[in-house]
> 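Below you will find the structure I want to go over with you.
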Number of protein chains: 2
Amino acid sequence: MRPLPRSRLQVQKEPLPRTVPEGTRRRILEAALRLFASQGFHGTSIRDVAKELELQPSALYSHFPSKEHILAALVQVGHEAHHEALRTAMLDAGNAPEAQVRALIRAHTVTHATHPLLAVVVNEEVNALPPELAAPALVLRQQSAALLLQVIERGVALGRFSPPHPVATAAAISAMGVRIPYWYEPGGALDIDSLANIHAELALRMLGARG
Amino acid sequence: MRPLPRSRLQVQKEPLPRTVPEGTRRRILEAALRLFASQGFHGTSIRDVAKELELQPSALYSHFPSKEHILAALVQVGHEAHHEALRTAMLDAGNAPEAQVRALIRAHTVTHATHPLLAVVVNEEVNALPPELAAPALVLRQQSAALLLQVIERGVALGRFSPPHPVATAAAISAMGVRIPYWYEPGGALDIDSLANIHAELALRMLGARG
DNA sequence: GTCTATACTATGATAGAC
DNA sequence: GTCTATCATAGTATAGAC
């Protein structure tokens with residue numbers, strides 16, 4: 001096993017959302033998250049995870065029934081945090097399509113910039129799961145995508161948006177957030193809140209919103 | 001080994017650019033490309049590749065010295081095709097920043113939509129390579145990224161573009177193309193040329209180009 | 001350039017003591 | 001809940017015949 005590449009993926013103080021309770025289970029998820037993000041799920045052995053925690057490999061099986069279940073837990077946590085952030089943002093947004101897009105995109109961007117390791121694992125490794133373990137997360141993903149598309153289509157119906165192609169534009173808007181972990185450096189000159197505002201502005205420009 | 005998930009990644013007639021000559025070497029690269037795209041590099045064994053070609057595993061070593069070298073060849077081919085497409089597009093674009101952006105983004109989108117498997121492997125598995133095998137491709141990647149940023153900054157200097165943040169906007173524009181393999185279906189209602197025009201339009205909107 | 005055979009290592013997971 | 005010990009399998013790669 002080669003000593004990790006992907007130095008672009010920084011070490012983080014709090015790689016997992018606070019919804020995951022403290023304890024050995026959380027420590028396993030944190031170690032697995034770092035390793036899966038840098039080496040991939042298949043590139044990481046149960047022994048790698050155990051070594052990172054200074055445990056014996058067998059000790060992990062008291063907390064998770066298999067390596068796949070560790071990944072499944074990460075994927076689920078990531079999708080839940082993302083979906084919850086979008087849902088909460090919509091509650092505060094009022095009924096103007098512009099404000100709704102701004103709220104959704106800000107939440108989308110903040111989530112990806114705050115938990116970049118989780119975003120990478122969720123997006124690159126979900127396919128390593130058997131369908132039954134991936135399914136709950138994929139339902140959430142579908143709902144989140146549908147939420148953005150509905151807001152866009154309502155804006156079009158109200159004459160406030162004029163995207164060249166609603167579905168392709170929704171994909172382009174979503175892509176900005178998904179790609180954050182691959183270029184954005186959290187400690188740098190651009191803070192997360194500013195990036196979120198930039199992405200909201202770009203989304204509204206793509207939609208042809210006035211003002 | 002589970003029977004492949006990722007049904008979203010379609011089977012393609014010509015998954016590799018024509019720059020790769022016919023022969024066993026190309027057939028190995030094509031089989032490895034399909035498998036790496038659907039199961040990942042670490043999730044694919046040399047036995048899987050051999051089985052796909054109805055060869056014995058040892059036969060592969062007459063063509064490539066290691067599994068890593070197969071991936072390295074794919075990553076290099078992908079980056080070369082992409083970089084060459086951008087370079088050629090710029091030659092035809094003239095000196096107007098709007099036309100240059102349109103040419104670059106059209107080429108970026110066409111490349112990703114035409115070779116989605118290669119795009120996925122190049123972007124998700126390049127980290128599985130040791131630095132010395134990844135280096136040539138990363139040079140090309142950096143040059144391609146710099147090309148877009150230079151065009152944007154020149155447009156800003158000429159007063160034709162007004163992006164909220166040139167670097168973040170360049171990343172957002174690039175992200176549209178990179179994410180194509182994850183949602184776009186080549187056989188569907190939206191053809192590649194139309195998608196390329198949509199992405200060019202979205203890029204110019206993000207940049208605040210007039211007209 | 002492909003085959004058979006095999007060396008050697010790494011892997012996911014389990015058994016059973018404490 | 002963690003340990004030591006171990007199993008069964010799968011992994012990359014090589015040797016040598018044809």
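Quick caveat: nothing in here was measured; it's all calculated off a predicted structure. A, B, ... follow the sequence lines: proteins, then strands. Residue 1 opens every chain.
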> Between A/Tyr61 (OH) and C/dA15 (C1'), how many Å, whole number?
14 Å
> Can you pull every protein N or O that's under 3.5 Å from an N or O on nucleotides 2-4 of chain C?
{"from": "C/dT2", "atom 1": "OP2", "to": "B/His63", "atom 2": "NE2", "distance (Å)": "2.7"}
{"from": "C/dC3", "atom 1": "OP2", "to": "B/Gln56", "atom 2": "N", "distance (Å)": "2.7"}
{"from": "C/dC3", "atom 1": "N4", "to": "B/Ser58", "atom 2": "OG", "distance (Å)": "3.4"}
{"from": "C/dT4", "atom 1": "O4", "to": "B/Ser58", "atom 2": "OG", "distance (Å)": "2.8"}

> Any side-chain heavy atom of A/His63 sitting closer than 4.5 Å to one from A/Ile70?
no
> Please give, in whole Å, the distance from C/dG1 P to B/Leu53 CG?
14 Å
> Going by atom types only, do B/Asp191 and B/Ser194 share a side-chain donor-acceptor pair under 3.5 Å?
yes
> Sequence neighbours excluded and cut-off under 3.5 Å, please list the side-chain donor-acceptor pairs for residues 167-180 of chain A, or say none.
{"from": "A/Thr169", "atom 1": "OG1", "to": "A/His165", "atom 2": "O", "distance (Å)": "2.8"}

> Would you indicate whether the side-chain heavy atoms of A/Gln39 and A/Asp48 approach each other to under 4.5 Å?
yes
> Is there a donor-acceptor contact under 3.5 Å linking the side chains of A/His199 and A/His108?
no
> Starting at atom NZ of A/Lys51, determine the distance to atom C1' of C/dA10, rounded to an integer number of angstrom.
12 Å
> Taking atom CD of B/Glu54 as the centre, does the number of heavy atoms from other residues, nucleotides or ligands within less than 6.0 Å exceed 12?
no
> In whole Å, what is the span from the CD1 atom of A/Ile46 to the C1' atom of C/dA13?
9 Å
> Rounded to the nearest angstrom, tell me the gap between atom NE2 in B/His42 and atom P in C/dT11.
11 Å
> Nearest-Å distance, CZ (A/Arg47) to C1' (D/dC7)?
11 Å
